[in-house]
Amino acid sequence: MEERYDPKVIEPKWQRIWDKKGLFRVTEDPKKEKYYILEMFPYPSGKIHMGHVRNYTIGDVVARYKRMHGFNVLHPMGWDAFGMPAENAAIANNTHPARWTYENIDYMRGQLKRMGFSYDWDREIATCRPEYYRWEQWLFLKMLEKDMVYRKESFVNWCDDCQTVLANEQVEAGACWRCGKIVRQKKLWQWFFRITDYAEDLLVHCDALPGWPEKVTTMQKNWIGKSFGAEIRFAVANSSQSISVFTTRPDTLFGATFMCLAPEHPLVVELSRNTGEQAAVDEFVERIALQDRSARTLENYEKEGVFIGAWCINPVTGYQMPIFAANFALMEYGTGAVMSVPAHDQRDFEFAKKYGLYIIPVVKPLDSDLDARTMTEAYEGQGEMIHSGPFDGLDNEAAKDAIVAHLAKKELGRKTVSFRLRDWGISRQRYWGAPIPVVHCDRCGVVPVLESQLPIVLPEDADLLEGGRSPLPGLDEFKKTECPECGAQDAHRETDTMDTFVESSWYFERYCSPRFDQGMLDRSAVSYWMPVDQYIGGVEHAILHLLYSRYFTRVLRDFGLVEFKEPFTRLLTQGMVCKETLSCPNHGFIFPDDVIEGAVPKCAKCGLPVAVGRVEKMSKSKRNVIDPNSLLDRYGADTTRLFCLFAAPPERDLEWSEQGVDGSFRFLNRIWRRASAWMDRITRTSAYQGSPNDLEGPVRELFKKTHQTVQKVTFDIEDRFHFNTAISAIMELVNSLYSVDENEDSAHASEVVRFAVESIVLLLAPIVPHFSDELWHALGYDASVLETPWPEFDPACLARDELTVVVQVNGKLRSRFDIHADADDEVIKKRALSDERVAKFIEGKMVRKIIVVKKKLVNIVV
RNA sequence: GCCUGGGUGGCGGAACUGGUAGACGCAAGGGACUUAAAAUCCCUCGGUACUUAGUGCUGUACGGGUUCGAUUCCCGUCCCAGGCACCA
């Protein structure tokens, strides 16, 4: 064994050996229990960042741990390779998206290999390859057949910078999720997946995902946004028309005094014709339509509306309700119409005050009265019905059902539910994505491509255009085609491509049979490996990716391709990697490498003192980043992995600390040194297997501590993924190893030390695999630690000889004593009462009660 | 505004179903080794008071409560992070 721990030598060496042995290659084996561990695949942006390092380290520990437990572990990796950054980078660097993407993939694959991750690289996927997306196109055709995809012209979220449409899920506070540009509304023909057909099922099964963080399922539930209420029909005065509204408060129907329609609502234009209000209405509708969606979501957004010159009739009061077009009414939610009850809805209240509309309170709080003239805000709480004819006196919750039942009899209303979730718009006016496999024909309309013509290959040699516009519409050899139905020569292909979230909605299923060319998925492989037992990734995908994946899996199930609904049994959302920001008065945020260390850190460029800012998520813009490469060069993969796991539990944010990394490196060296010191002696013996009773002193303690540590580490990793406490426990064990004198020469010392060292190596194997294999080899083993079973502990060896019992008087700690572990409660109690330090506190007082907690604590109440 | 988390030493973080608060590491201080330094090994390390090798008081954001006993359970308040936000 080398004197010095040198990761630069041992890491490449073991990576070569693993590779040569094909240690990570797996196939279906019905005799073995499977375990599918998956980390979210990366976008090949150029190089990996610390977020990837952390995410993939966590996954790799689990993969190796499960492997040592005898599971047949599937642990794949691939690339979410379509997407806009490739186009932007290609334009900026005068290269091509495909070339840029493939080069990035090659580089990043190399980085991941340097980290020593145990991926089965034979299963690698890049979603931009036709062999992958052809099956996505195939599924699209199947979905089209079943009317699960449709095309409609609608207002869409449009980002001018990205020159494309964004799904609702991709708009954050009115801005593009990718570039931050304010999103505006644009009317376009778009393809949609009918995800809303699955809203109920997706919602209900949120509660059937006990292995998911509650935070994520709650976010999904809120996103789906089911609300219970009623649909009520209002007749329009002097017309055969009627307006349907959705309301969650049918109990307030008697207080509905006006009606608000979304500006895009078809009846707005229709009813305002020839009323004298037409001009004002048209002006208003046009103005709102052009307005940014972002302005609509601003907090102080002014509620405004315009009377459209028509009235509708309240079905229970007969009241003539003026109809308004209002900017806050959304066409996409419910029916696009709101029955306004100013007394019981704050927004309606403000609107009524602004336009001088009638307010009728119909639900009164139990302990006070409501008066329309003196109300200063709407009353939205529970209460007793008033001004509601036959329903007066009822509890308002009961009145909801009663009023809907009453309306139902007259066919004017019914109980219903509404969802916030909308259909998933998947069209993107971008080049670097999977082509949508349809053809537009002047005679036949929209025609699906023939299955035999798949894949519709994205031409990889297209020249990119200025401003990020897609070259496809201008690329005749792609666009021009014949109609699959009538054979017309002047048909043209759809030039929109699919949202890249489509690719990531099924890649985990494709990993089961990544080279299968007879279909999208090889059923037998999928049914062996799926579902994913443990999925790991960032919370930022809590809604988008995870909801789409759950939806897609349901679609695949409907086509008989898979047998389950939920793709991910357990989910872990790891925290962000953070670091303090550094800034210089002249240069703004600066990189850690541009700082001259010292009592007062200074900027390398101008020498001014550097201000240390708050700890924030590592990002290029804040320049508080650490390049994984520099860590690998300096400390190696094992130290990097160790620190990522030790500094914080996985679900929490991790604060990067240079000194912390150094500490992790020192820890490995500390093990290395002690192992070296004993190596000659312990290679000549074997691990101690006797009873602790034949041992004494630090050797005996070390033996027991080893068993205790195996138990603790197993528990921490298996049940909780708390690698930080598992590592702490191993550190304690190493400290115990140090308390055995290096020159100790007793009969069993070498055997026990060997046992301890072997255990340390095995327990560390998933965490620092190269280091562990090197030591394992030094101990004389030929197999990799990964091929060695996880150590077991013997409960008989765990028991401590002496226990410390603490004594409290009135709940305050007063004394403690050690006592033999098998002493019973009576003995412990007697010993506590006779304790001299305790005596001080109970002297002259009456002992009222004594509580004995088994082998731990005595509390004397006086 | 609503929904999730979270607030523990100088710092990152421990404490399983209420039972020794601060494991483990970092930083700091002291000692050993050394001509010296680095590295390494050992020790100390929440605050505070005193009669200072000891003992007491206090301490897990803040204020209450339940309990023999609360970082842990309950009620209220404040702060921080994330998500949603005119959703009828």
Side-chain angles (χ1 to χ4, degrees), chain A residues 172-173 213-223 225-227 229 245-249 252 256 260 262 296-299 301-303 326-330 332-341 345-348 350-351 418-422 539-540 542-543 573 575-576 615 617 643 646-649 651-664 666-667 669-670 673 712 715-716 719-720 722 724-732 734-735 738-739 742 804-813 815-816 837 840 848-854 856-862:
Chain A
E172 293 169 350
E214 209 187 292
K215 157 168 84 163
V216 175
T217 43
T218 322
M219 277 164 70
Q220 294 213 348
K221 284 184 203 170
N222 291 341
W223 190 265
K226 182 179 185 179
S227 43
V245 304
F246 172 76
T247 178
T248 54
R249 294 293 305 271
T252 63
C260 288
R296 286 222 209 180
T297 57
L298 284 178
E299 213 166 297
Y301 182 58
E302 178 79 11
K303 289 154 194 54
N327 60 354
F328 59 79
L330 308 171
E332 312 90 82
Y333 186 76
T335 61
V338 188
M339 76 172 207
S340 296
V341 185
D345 180 287
Q346 188 57 26
R347 189 187 52 201
D348 295 345
E350 287 164 26
F351 194 86
S418 188
F419 292 93
R420 209 188 74 116
L421 182 73
R422 287 169 225 152
V539 231
E540 64 272 21
I543 303 173
T573 51
M576 302 179 293
V615 174
K617 179 184 179 176
F643 178 72
F646 180 63
E651 66 279 2
R652 260 209 254 177
D653 287 352
L654 182 152
E655 190 185 326
W656 196 262
S657 145
E658 207 58 54
Q659 284 135 347
V661 182
D662 221 65
S664 295
R666 282 205 299 268
F667 171 61
N669 277 288
R670 193 169 148 84
R673 268 193 307 276
K712 169 135 179 78
F715 173 76
D716 282 350
D719 292 353
R720 322 192 298 164
H722 278 200
N724 57 332
T725 52
I727 294 166
S728 293
I730 300 170
M731 285 173 168
E732 284 184 56
V734 173
N735 289 343
Y738 268 83
S739 65
E742 220 175 300
T804 304
V805 174
V806 298
V807 188
Q808 298 180 331
V809 178
N810 286 347
K812 282 195 176 175
L813 180 70
S815 180
R816 69 184 68 197
R837 272 180 293 195
K840 255 192 343 203
R848 290 170 52 185
K849 201 169 168 188
I850 298 174
I851 291 140
V852 180
V853 177
K854 240 192 333 193
K856 242 184 188 164
L857 173 145
V858 180
N859 190 9
I860 303 165
V861 187
V862 298

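Only heavy atoms go into these numbers, but all of them, side chains included; no hydrogens, no water, no symmetry mates. To find a chain, count down the sequence lines: A is the first, B the second, and so on, and within it residues start at 1. Computed from a predicted model, the values in this text were never measured in an experiment.
- Atom NE2 in A:His722 sits roughly 7 Å away from atom P in B:A14 (whole-Å rounding).
- One P atom belongs to B:G47, the other to B:G29, and the distance between them is 16 Å to the nearest Å.
- Atom-to-atom, OH of A:Tyr333 to C1' of B:A85 comes out at 13 Å; the value is rounded to the nearest Å.
- In terms of heavy atoms, A:Phe246 sits closest to A:Gly334 at CB-CA, 4.2 Å.
- Taking atom CG on A:Asn669 and atom P on B:G25, their separation rounds to 15 Å, with Å as the unit.
- The gap from the C1' atom of B:G76 to that of B:C24 amounts to 36 Å, rounded to the nearest Å.
- Searching all strands for a Watson-Crick or G-U wobble partner of B:C41 with both distances below 3.5 Å returns B:G31.
- Base-pair partner of B:G82: B:C3 (Watson-Crick or G-U wobble, both distances under 3.5 Å).
- Closest approach of A:Phe643 and A:Glu655 over heavy atoms only: CZ-O, 4.1 Å.
- Comparing atom distances between the A:Arg816 side chain and each of B:U20, B:C42, B:G19 picks out B:U20 as nearest.
- Donor-acceptor pairing under 3.5 Å, judged by distance alone, is absent between the side chain of A:Arg673 and the base of B:C41.
- Residue A:Val861 is in sugar-phosphate contact alone, with no base atom involved, counting any heavy-atom pair closer than 4.0 Å across all strands shown.
- Listed nucleotides B:G12, B:U20, B:U58 differ in distance to A:Lys812; the shortest reach to its side chain belongs to B:U58.
- Close to B:A39, at under 4.0 Å from its OP1 or OP2, lies no side-chain N or O of A:Arg666.
- Closest heavy-atom contact between A:Arg670 and A:Tyr738: O-OH, 2.9 Å.
- Figure legend. B:G59 is base-paired to no nucleotide; pairs are counted as Watson-Crick or G-U wobble with both atom distances under 3.5 Å.
- As the counterpart of B:G19, B:C68 is assigned, both hydrogen-bonding distances of the Watson-Crick or G-U wobble pattern falling under 3.5 Å.
- Separating the CG atom of A:Asn724 from the C1' atom of B:A23 is a distance of 11 Å, rounded to the nearest angstrom.
- In textbook terms, a nucleotide whose glycosidic angle is within 90° of 0 is syn, while B:G22, being further out, is anti.
- On the C1' atoms, B:A28 is 23 Å away from B:A36, given to the nearest whole Å.
- Across all strands, A:Gln808 comes closer than 4.0 Å to base atoms (heavy-atom distances).
- For B:C50, the paired base is B:G54 (Watson-Crick or G-U wobble, both distances below 3.5 Å).
- Nucleic acid contact class of A:Asp345 (heavy atoms, under 4.0 Å, all strands): none.
- A:Ser657 comes within 4.0 angstrom of no nucleic acid atom, judged by non-hydrogen atoms across all strands.
- As a whole-Å value, the separation of A:Glu332 CD from B:A88 C1' is 13 Å.
- The same atom, C1', is picked in B:U71 and in B:A15; the two are 9 Å apart, to the nearest Å.
- Taking only side-chain nitrogens and oxygens, A:Arg670 comes nearer than 4.0 Å to OP1 or OP2 of B:C42.
- A donor-acceptor distance shorter than 3.5 angstrom exists from the side chain of A:Asp653 to the backbone of A:Met576, with no hydrogens or angles considered.
- A:Asp653 comes within 4.0 angstrom of the backbone, heavy atoms only, and of no base.
- Taking the side chain of A:Ile851 as heavy atoms from C-beta on, and the options B:G25, B:C84, B:C68, the nearest nucleotide is B:C68.
- Counting any heavy atom pair closer than 4.0 Å across all strands shown, A:Asn859 reaches a base atom.
- Checked against a 6.0 Å centroid threshold, the rings of A:Phe646 and A:Phe667 do not count as neighbours.
- Straight-line distance between the C1' atoms of B:C11 and B:G46: roughly 13 Å, to the nearest whole Å.
- Here the closest non-hydrogen pair linking A:Ala542 and A:Met219 is CB-CE, 3.5 Å.
- In this structure, A:Met339 and A:Gly811 both approach RNA chain B, and ranking their closest nucleotides by distance from the 5' end singles out A:Gly811.
- A:Ser227 comes within 4.0 angstrom of sugar-phosphate atoms only, judged by non-hydrogen atoms across all strands, and of no base.
- The local environment of CD in A:Glu214 is sparse, with at most 12 non-hydrogen atoms from other residues, nucleotides or ligands closer than 6.0 Å.
- We find that OH of A:Tyr738 is positioned 16 Å from P of B:C24, with the value rounded to whole Å.
- Nucleotides B:A49 and B:G12 place their P atoms 26 Å apart, quoted to the nearest Å.
- Here the separation of B:C3 from B:A14, taken at their P atoms, is 28 Å to the nearest Å.
- The partner of B:C24 is B:G12, by the rule that a Watson-Crick or G-U pair needs both atom distances under 3.5 Å.
- Out of B:A27, B:A21, B:A88, the shortest distance to the side chain of A:Leu813 is found at B:A21.
- Across all strands shown, A:Pro649 has heavy atoms under 4.0 Å from sugar-phosphate atoms exclusively, and none from any base.
- Taking atom CD1 of A:Ile727 as the reference point, atom C1' of B:A14 lies 14 Å away to the nearest angstrom.
- With the nearest nucleotide of RNA chain B identified for both A:Ala647 and A:Ser739, A:Ala647 has the one nearer the 5' end.
- Side chains of A:Arg848 and A:Asn810: a donor-acceptor N/O pair is absent below 3.5 angstrom, by distance only.
- To the nearest 0.5 angstrom, A:Arg249 atom CZ is 13.0 Å from A:Ser227 atom OG.
- In the set B:A15, B:G83, B:G19, B:G83 carries the atom at the smallest distance from any side-chain atom of A:Met219.
- Proximity of A:Arg652 to the phosphate of B:A14: a side-chain N or O atom is located under 4.0 Å from OP1 or OP2.
- Residue A:Phe646 is classed as a base contact, given a heavy-atom separation below 4.0 Å to a base.
- Here, B:G69 and B:U77 have their P atoms 26 Å apart, quoted to the whole Å.
- Looking at the side chain of A:Glu732, the nearest of the listed nucleotides B:G19, B:U20, B:A23 is B:A23.
- Residue A:Lys215 is classed as a sugar-phosphate contact, given heavy-atom separations below 4.0 Å to backbone atoms only.
- As rounded to whole Å, 12 Å separates atom C1' of B:A85 from atom CD1 of A:Ile543.
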